[in-house]
Amino acid sequence: MIFQHTLRNAIHASGIGLHTGRSVRLSIRPAPPNHGICFVRTDLDPHITIPADVEHVVDSTLATTIGVHEVTLSTIEHLMAAFAGFGVDNALVEVNAPEIPIMDGSAAPFVFLLQSAGLAKQDVPKKFLKIRKKVKVVDARNHVHAELQPSDDFRIEFRIEYEHPVFWRHADHAVVEFSKTTFIKEVSRARTFGFLADYERLKSRNLALGGSLDNTLVVGDAAILNEGKLRLKDEFVKHKILDAVGDLYLLGHNLIGTFVGQRSGHTTNYELVKALGSTPNAFEYVTFNDPAELPSGYSGQYDDVVETVPESVAVAV
């Protein structure tokens with residue numbers, strides 16, 4: 001049987017919020033089976049818990065933002081992608097600010113945190129979400145579309161289009177056959193990017209106050225302004241794939257299916273997740289009794305898990 005997993009140990013980190021520019025403290029803790037991924041705003045009294053699921057998305061402009069009533073938390077997508085990449089089903093994330101720290105603009109720091117914390121098996125079967133029928137959302141005016149298709153594994157295909165000379169010199173299309181190793185090496189390191197003109201305009205609106213060359217790939221009129229340039233030859237499109245992996249994990253389960261995106265962002269990804277939930281017979285939940293039955297991309301996801309969390313794990317909110 002393939003079981004659910006949580007963290008073996010709590011892990012802590014700090015960083016800067018991309019938009020507020022505030023220092024942020026972050027703790028990721030184990031959680032019981034069937035708990036899912038939940039975020040807790042610890043800077044509020046009382047603390048407010050916000051589940052990371054599609055029903056709690058309140059904004060998708062510039063980042064994915066979840067909320068309960070008037071309380072929100074933004075920029076969750078990179079951490080959510082790391083949870084998806086490692087197959088973490090249950091975790092409690094405590095944060096003392098209205099946004100997750102941007103770290104270096106990628107999911108690599110969160111990958112390091114999860115590797116340091118380790119994973120632990122829980123005695124409850126893990127459910128995968130298997131796509132059974134194609135679901136598609138289209139924004140024809142902006143030439144944007146995203147879709148989920150049936151397939152036997154988790155596959156991501158993405159194409160970006162920017163009328164800018166920097167992007168003409170770099171890959172605009174990528175296909176990733178998902179696995180934990182592929183996620184860590186080819187996707188998690190891809191950093192967020194933006195244009196210098198947009199960055200300056202956002203700062204004038206008191207946004208992107210924590211943005212810098214340390215956490216964002218900044219594209220000028222004719223060149224990338226960061227030293228060292230790109231980590232990956234297709235880093236731009238790989239970051240869009242990273243965002244999509246994080247947004248799709250709002251479904252609460254690892255996917256078996258193919259995601260295809262063209263120029264899509266958080267809003268389109270969110271609309272696609274909503275459309276999937278409202279399309280009859282578009283998906284089903286599946287479990288696996290034998291590791292040999294797993295889709296190939298997930299077959300080695302838990303090879304380094306050696307410890308089981310006791311059922312008495314308590315979650316303090």
Given R41, R29, R25, the one that forms salt bridge (charged side-chain N to carboxylate O under 4.0 Å, His left out) with E94: R29

Please report whether the ring centroid of F167 lies less than 6.0 Å from that of F193. yes

Is the shortest heavy-atom distance from the side chain of L225 to the side chain of V219 under 4.5 Å? no

Does N281, at its CG atom, have more than 12 non-hydrogen atoms belonging to other residues, nucleotides or ligands within less than 6.0 Å? no

Are D153 and R155 close enough for a salt bridge, meaning some N to O gap below 4.0 Å? no

Could you grab the distance from atom CD of E99 to atom CG of L26, nearest 0.5 Å is fine? 12.0 Å

Are any of the side-chain nitrogens in R201 or D198 under 4.0 Å away from the carboxylate oxygens of its partner? yes

Work out which heavy atom in A97 is nearest to a heavy atom in L73; give both atom names and the distance. O-CD1, 3.4 Å

Roughly how far apart are I156 CD1 and L248 CG, rounded to 0.5 Å? 8.0 Å

Can you give me the closest heavy-atom contact between F259 and S264, atom names plus distance? CZ-OG, 4.0 Å

Of all heavy-atom pairs linking I66 and P51, the shortest is CD1-O, 3.8 Å

Write down the atom of S116, the atom of I11, and the distance for their closest heavy-atom approach. CB-CD1, 3.9 Å

Between H145 and V137, is there a donor-acceptor pair closer than 3.5 Å when you use the side chain of the first and the backbone of the second? no

Can you tell me how far CZ of F158 sits from CG of L242, rounded to the nearest 0.5 angstrom? 11.0 Å

Take atom NZ in K133; do more than 12 heavy atoms of anything else shown fall under 6.0 Å from it? yes

Spatial distance of atom CD1 (I100) from atom CE (M80) [nearest 0.5 Å]: 10.5 Å

If you draw a 6.0 Å radius around CG in D172, do more than 12 non-hydrogen atoms from other residues or ligands fall strictly inside? yes

Is there a donor-acceptor pair closer than 3.5 Å between any side-chain N or O of T216 and the backbone N or O of V218? no

Could you go step by step and tell me if D247 and N269 meet the side-chain hydrogen bond (donor to acceptor under 3.5 Å, both in side chains) rule? CA-CA 6 Å; D247 290 338; N269 298 340; 2.9 Å; yes

Are the side chains of F39 and L79 in touch, meaning some heavy atoms are under 4.5 Å apart? yes

Around atom CZ of R205, are there more than 12 heavy atoms of other residues, nucleotides or ligands at under 6.0 Å? no

Less than 3.5 Å apart, any donor N or O on the side chain of E157 or H173 sitting next to an acceptor on the other? yes

Distance-only, no hydrogens or angles: does the H19 side chain make a donor-acceptor pair with backbone N or O of A208 under 3.5 Å? yes

Any donor-acceptor pair under 3.5 Å linking the side chain of S278 with the backbone of K274? yes

Would you say the side-chain atoms of Y270 pair up with the backbone N or O of T64, donor to acceptor, closer than 3.5 Å? no

Reported CD1-to-CG distance for the pair I2 and N289, which is rounded to 0.5 angstrom: 9.0 Å

State whether the number of non-hydrogen atoms from other residues, nucleotides or ligands found under 6.0 Å of E55 atom CD is greater than 12. yes

Check: Y249 main-chain N/O paired with H253 side-chain donor or acceptor under 3.5 Å: no

Classify the ring geometry of H164 against F195: parallel below 30°, tilted from 30° to 60°, perpendicular beyond 60°. tilted

The single option from Q122, K126, Q4 passing side-chain hydrogen bond (donor to acceptor under 3.5 Å, both in side chains) against D89: K126

Determine whether the side chains of T42 and H47 contain a donor N or O and an acceptor N or O closer than 3.5 Å. no

Please round to the nearest 0.5 Å and tell me the distance separating atom CG of L196 and atom CG of D221. 7.5 Å

Please check if the side chain of S27 supplies one atom and the backbone of H12 the other of a donor-acceptor pair under 3.5 Å. no

Taking the side chain as every heavy atom from C-beta outward, state whether L129 and I256 have any pair of such atoms under 4.5 Å apart. no

Please name the residue in the list T182, V245, V111 that meets the side-chain contact (heavy atoms from CB on, under 4.5 Å) test with S188. V111

Which residue in the set D234, V175, V176 passes side-chain contact (heavy atoms from CB on, under 4.5 Å) when paired with I241? V176

Checking the side chain of D243 only, and the main-chain atoms of K240 only, is there a donor and an acceptor separated by less than 3.5 Å? no

Under 3.5 Å donor-acceptor, Y302 side chain and G87 backbone: yes

N90 (side chain) donor-acceptor with T6 (main chain) under 3.5 angstrom: no

If the plane angle is over 60° it's perpendicular, under 30° parallel, otherwise tilted; pick one for F288 and F128. perpendicular

Residues D104 and R191 bridged, charged N to O under 4.0 Å: no

Taking only Lys NZ, Arg NE, NH1 and NH2, and the carboxylate oxygens of Asp or Glu, determine whether K238 and E235 approach each other closer than 4.0 Å. no

Decide if the gap between the ring center of H78 and the ring center of F110 is smaller than 6.0 angstrom. no

Least distance between heavy atoms, I50 atom then V71 atom: CD1-O, 3.9 Å

Can you find a heavy atom in the side chain of N215 that is under 4.5 Å from one in the side chain of T192? no

I need the minimum non-hydrogen distance between V135 and A275, along with the two atoms involved. CG1-CB, 3.7 Å

A side-chain contact here means heavy atoms from C-beta on lying under 4.5 Å apart; do Q115 and I184 qualify? yes

Hey, is E284 close enough to R132 for a salt bridge, meaning N to O under 4.0 Å? yes

Parallel, tilted or perpendicular: which describes the rings of Y298 and F178, with under 30° parallel and over 60° perpendicular? tilted

Side chains of T75 and I102: closer than 4.5 Å at any heavy-atom pair? yes

Test salt bridge (charged side-chain N to carboxylate O under 4.0 Å, His left out) applied to E293 - qualifying residues, sequence neighbours left out: none

